[in-house]
Amino acid sequence: MKFIVSAFALFVLAACTGSETEKEAEVITLDSIVAEEMIEVIDTTPPFIQVDPVFDSQDLVLPEGFTYRVIFQEKTDLVTRADGKKFPAKGNHDLSVFIPDEKAPETKGLIYISHETKYADPNLGDGGGATVFGIELIDGQWQVTSDFDHVDFAPVGYTNRNCGGSLTPNNTVFSCEETWAWNTEALYRGGEGHTDTSWVNGLAVWQNMGYVVEVDPRTREVIQKHYKMGKFVHEDALCTPDGKTVYLTDDMSPGIFFKYETFTPYDYSDGQLFAYQQTEDGESGNWLKLPMDTISLIYCRDTAIARGATMFIRHEWIEEVNGKLYINETGEDSFSWARSIARGGTVPNYMRENLAVGETDFDDTFGRVLEFDPVTNKMSVLLEGGFIEDSLHCFSNPDCNTSVRLNGRDYLVLSEDINWYSRGRVSPETEKRRLMVNEIYFLPLDIENPSRADLLRFCVAPIGAETTGVIFLPDGSMLMNIMHPSTRNNSKLNKSSTVIVEGFKK
């Protein structure tokens with residue numbers, strides 16, 4: 001239920017209470033009463049009736065009153081190159097970015113979709129990719145209003161597995177290369193991957209993969225690869241509005257939490273890379289300054305660990321809400337810290353608490369959601385993954401995240417990407433069929449010390465798919481990517497697709 005309280009009502013309340021309150025009431029001026037500034041109390045009514053857990057749907061399961069439309073699909077739609085030729089769209093749709101139109105930001109804009117691909121493509125370029133297209137709100141629905149335009153990554157030696165990223169304050173897009181390319185053979189893939197293995201910018205091709213790449217979505221052109229942000233398994237990048245800092249997540253075990261500080265605000269071409277080190281008590285942390293020479297940047301994770309950086313188990317997407325950063329740590333089954341500790345790395349205090357003295361093996365089946373405070377440098381657990389209300393159902397391996405404000409209440413929107421179909425992450429029947437099933441949850445952020453029981457299950461993805469690239473358009477509609485669904489699905493969602501979900505009330 002929602003309550004609206006005016007300044008006038010507060011004045012009346014104060015006037016009708018004891019002497020101390022009467023003194024306080026005297027400072028309320030007539031102007032403030034006339035202004036009647038509205039104070040909105042958070043509406044705790046759920047914004048939807050959550051769906052039941054299901055494990056056999058070949059379609060997108062949504063709450064009652066919600067519908068979806070496919071607006072861009074792998075292979076079905078044709079992508080236009082700069083020379084005007086058209087070719088079937090790449091798949092593995094991941095990051096989505098809405099770039100508002102300067103003249104009509106509420107009703108027009110561009111959509112940027114990244115492709116977490118790694119295979120040879122003689123028409124649209126080997127490895128990763130991106131597609132840009134226009135949309136407009138017409139008669140209450142978002143419609144595609146342009147060709148699906150190709151982004152050519154050839155000028156930077158191509159990319160690999162374009163994953164998350166963000167819109168920068170400059171209205172450019174940061175695209176993260178989530179790649180495990182540690183040698184040329186891994187990229188070449190026997191001729192099925194990157195077919196051109198020549199050196200790029202003085203680097204072997206494998207040394208040229210695993211960075212943040214900046215793109216101008218309006219011109220559909222690549223600006224540069226940001227080598228100074230380090231080579232690692234880049235999952236996501238979050239730019240601060242002042243153009244001074246980029247927070248970077250590393251989808252690796254062990255992985256490091258990095259930040260990059262620009263020397264000149266809004267100029268990301270030059271800056272300093274740092275690695276996070278948590279204090280022993282977990283109440284704060286330090287940023288370790290890293291060497292900026294080429295070799296150190298190629299091996300920046302190893303350099304950070306040797307200097308005592310804190311190690312995490314696969315950081316995924318990162319989102320800022322009200323000054324706090326929320327990071328999905330997806331976890332990994334049966335991980336050992338032994339080698340990394342021997343090299344100098346430290347274990348987060350929230351994991352160390354669950355290790356016996358001298359023990360280094362850690363079973364991180366479900367992962368968790370972390371909260372980071374940039375003011376105090378405190379990294380803490382907001383919500384542990386696991387079974388919900390001791391049922392057979394669980395919240396597991398969060399990956400993509402975003403946020404939305406509905407009826408005065410902030411929600412963290414969490415997409416699963418389960419590591420496997422074992423350990424109770426799907427139903428016993430689904431496990432026998434060896435199927436992966438993922439969901440999206442909404443978590444209210446006004447709840448102190450939230451539990452898994454506070455999660456609201458918004459949707460269930462089609463069999464085999466993860467949901468990713470979740471964003472909200474100006475009218476409140478949700479845009480998301482259905483990534484790598486099972487090709488056996490008999491619904492229209494049997495290929496990677498970008499969909500718009502309608503039904504939210506702004």
Pairing of D251 and R314 as salt bridge, 4.0 angstrom limit: yes
Pair R405 + D410, salt bridge at N-O below 4.0 Å: yes
4.5 Å side-chain heavy-atom contact, S415 and V470: yes
is_close_aromatic(F72, F133), centroid dist under 6.0 Å: yes
Donor-acceptor contact below 3.5 Å, side chain R433 vs main chain T430: no
Side chain proximity check, L95 to I113, heavy atoms < 4.5 angstrom: no
Test salt bridge (charged side-chain N to carboxylate O under 4.0 Å, His left out) applied to K90 and E74, step by step: CA-CA 5 Å; K90 288 192 173 189; E74 171 191 7; over 6 Å; no
Listed partners of E116 passing salt bridge (Lys or Arg N to Asp or Glu O under 4.0 Å), at least two apart: R161
Greater than 12 external heavy atoms within 6.0 Å of L78's CG: yes
Output field: ring centroids F174/Y268 closer than 6.0 Å: yes
Check: F395 ring centroid to F387 ring centroid under 6.0 Å: no
Flag, side chain of N170 to backbone of T172, donor-acceptor distance under 3.5 Å: no
Test item: N377 side-chain N/O and G285 main-chain N/O as donor-acceptor pair under 3.5 Å: yes
Residue list, salt bridge (Lys or Arg N to Asp or Glu O under 4.0 Å) with R423, at least two apart or on another chain: D333, D363
Ring-ring centroid check F153 H115, cutoff 6.0 Å: no
Parallel, tilted or perpendicular, as decided by the 30° and 60° cut-offs, for the rings of F504 and F442: parallel
S486 side chain vs I463 backbone, donor-acceptor pair below 3.5 Å: no
E329 vs Y350 side-chain heavy atoms within contact, under 4.5 Å: yes
Aromatic ring proximity F458/F48, centre distance under 6.0 Å: yes
Charged N-O contact under 4.0 Å between E261 and K259: yes
Check: S396 side chain, R425 main-chain N or O, donor-acceptor pair, under 3.5 Å: no
E214 side chain near V173 side chain, heavy-atom distance below 4.5 Å: no
Over 12 non-hydrogen atoms of neighbours within 6.0 angstrom of CZ in R218: yes
T145 and E136: side chain donor to acceptor below 3.5 Å: no
Donor on one side chain, acceptor on other, N349 and Q278, under 3.5 Å: yes
Centroid-centroid distance, H226 to Y260, less than 6.0 Å: no
